[in-house]
Participant: 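Can you read through this structure? Questions will come right after.
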Protein chains: 2
Amino acid sequence: MPQRAVVPITAEGLKTACSQCNLQELCLPFGMSDGDIDQLDGLVGARRKVKRHQHLYRVGDTFEAIFAVRTGSFKTDVLLEDGREQVTGFQMSGEIIGLDGISTDAHTCNAVALEDSDVCIIPFANLETLSREVESLQHQFHKVMSREIVRDHGVMMLLGSMRAEERLAAFLINMSQRFTARGFSAAEFHLRMTREEIGSYLGLKLETVSRAFSRFQENGLIKVQQKHIRIVNIGGLKALLSHLPSV
Amino acid sequence: MPQRAVVPITAEGLKTACSQCNLQELCLPFGMSDGDIDQLDGLVGARRKVKRHQHLYRVGDTFEAIFAVRTGSFKTDVLLEDGREQVTGFQMSGEIIGLDGISTDAHTCNAVALEDSDVCIIPFANLETLSREVESLQHQFHKVMSREIVRDHGVMMLLGSMRAEERLAAFLINMSQRFTARGFSAAEFHLRMTREEIGSYLGLKLETVSRAFSRFQENGLIKVQQKHIRIVNIGGLKALLSHLPSV
DNA sequence: CAAGCGGGTTGACGTGGATCAAACGCCCCA
DNA sequence: TGGGGCGTTTGATCCACGTCAACCCGCTTG
């Protein structure tokens, strides 16, 4: 295993054209006019491949760009001195990573690929320049940041006020919705993260996550086969969240 | 008790001048040049008084402006259908509230004054317009949003990976730092929120918060008298966070 | 001055999820 | 084809925090 090897990987010559990208409606350009999107083509610098388990960036790396996931998926996490890990999010195609770096010009979390992945590099200085000219871009970017804040509030709700099975149900419903938005099945999907990573995200131990999966299966809500999940009774899952009697 | 009474309260004629405000270095203008700050004076519309326990905004209110706390303090929270509350943050003078509303043009959380308070109204459309012209404002605003995201990550860490006493220690240290930044004592302060609100924020029940306070007092870390807190051994509190033997 | 009440403290007890431990299954590679 | 390792499942036990309940204190209100 080579150590880090940051530079060679970055040099992925291909320019990405937002105007041609089929992720538009999930990504930064969402809601912008075709004309405005054309202007983005000059902004998005290059792509970068990140192999499974490699870091896209680490805590302390100087902040220069945000990234849009093109293919694959990532987790972001923060570490305590004593090694405890908190996964702060999982990112799928079209989603933006790296916003944490703006505040101090250095990244405050780690971003790790969960599978071989591919991101668009959006140099932040250029983004700010262009969004001073393109109003719709400016507004879209603000929405992206705000959406992240709202998402974080949801996670706080989950971590602070829900019990284990509610957390996992919320997680599965969320994953299902995001897969759906990407044209995949809402009912059947492959989780790219381990039980431990799910647990870290949900504030639970991996054993608890595993048991909750098993319980859901016993109750006919889902079918689990390792990382492969099939949702059998989405209504039942949702009922868990609202404390309703399961339909 | 009158119901809502939104309009009359809003009409607080006084224009606020950022250029004259002593909260500059804690607020949106932080890091901007005097000249650039002068331009903010035209942006910040008016002030609004919010009495204790009154809402600055509620979930679902249409989003029009963000707010800078001038005096007093607030909590923001989100509610589950069954009434469970999750406090997502406490805001003090100079801090910005309302960023959650950008994503959907409607607020996604509630903001409630913890004491009689006073905010500057920053109409968001105007902020976007001006930040297309004033680069430093644009950048500052992005930093404010990013800082909120980073803060949220910290709360996730707290909720997902820390035990009760660690959470409370982190909370006290954080409060102490924020009071210090505002020119108040780092060691002695008055909490404006109840044990229940602290508990909600930290993902604990009020009894657990109360017990942890008592434990800290027994161990000579703090002195508690209802809402009045005196930190006796800040090193001891910090040690709780890093799992070090208490100095 | 008493009554009422919201907030806080404290105790006794219960429990959801953590911890510890064992075993299993899938997958990679020799 | 067989072994080794990581990820997962499952069981037994433990314990941190939640729950329930009593009581206290300082304020307000009549």
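FYI, side chains are in, hydrogens and waters are out, and symmetry mates aren't considered; it's all heavy atoms of this structure. Per chain, numbering begins at 1; letters A, B, ... match sequence-line order.
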Participant: Within the pair Arg211(B) and dT10(C), is there a side-chain N or O less than 4.0 Å away from OP1 or OP2?
Facilitator: no
Participant: Any N or O donor-acceptor pair under 3.5 Å from the base of dC20(D) to the side chain of Glu207(B)?
Facilitator: yes
Participant: Is any side-chain nitrogen or oxygen of Lys205(A) closer than 4.0 Å to OP1 or OP2 of dT19(C)?
Facilitator: yes
Participant: So, Arg182(A) and Ser93(A): side-chain donor and acceptor under 3.5 Å apart, yes or no?
Facilitator: yes
Participant: Measure from the side-chain heavy atoms of Leu204(A) and tell me the nearest of dG17(C), dT8(D), dG8(C).
Facilitator: dG17(C)
Participant: Say you draw a straight line from CZ of Phe213(A) to CD1 of Ile198(A); how long is it, rounded to the nearest 0.5 Å?
Facilitator: 4.5 Å
Participant: Look at the side chain of Arg163(A) and the base of dG18(D), then say whether one donor and one acceptor between them are separated by less than 3.5 Å.
Facilitator: no
Participant: Below 4.0 angstrom from OP1 or OP2 of dT10(C), is there any side-chain N or O of Ser214(B)?
Facilitator: yes
Participant: Output yes when at least one side-chain N/O atom of Ser210(B) is less than 4.0 Å from OP1 or OP2 of dG8(C), else no.
Facilitator: no
Participant: Give me the one residue out of Thr88(B), Val59(B), Asp100(B) that meets side chain to side chain contact (heavy atoms under 4.5 Å, CB included) with Val78(B).
Facilitator: Thr88(B)
Participant: Does dG8(C) have OP1 or OP2 sitting under 4.0 Å from an N or O in the side chain of Lys227(B)?
Facilitator: yes
Participant: Anything under 30° is parallel, anything over 60° is perpendicular, the rest tilted; go ahead and classify Phe179(B) against Phe184(B).
Facilitator: perpendicular
Participant: Would you kindly check whether a donor in the side chain of Arg215(B) faces an acceptor in the base of dT10(C), or vice versa, at under 3.5 angstrom?
Facilitator: no
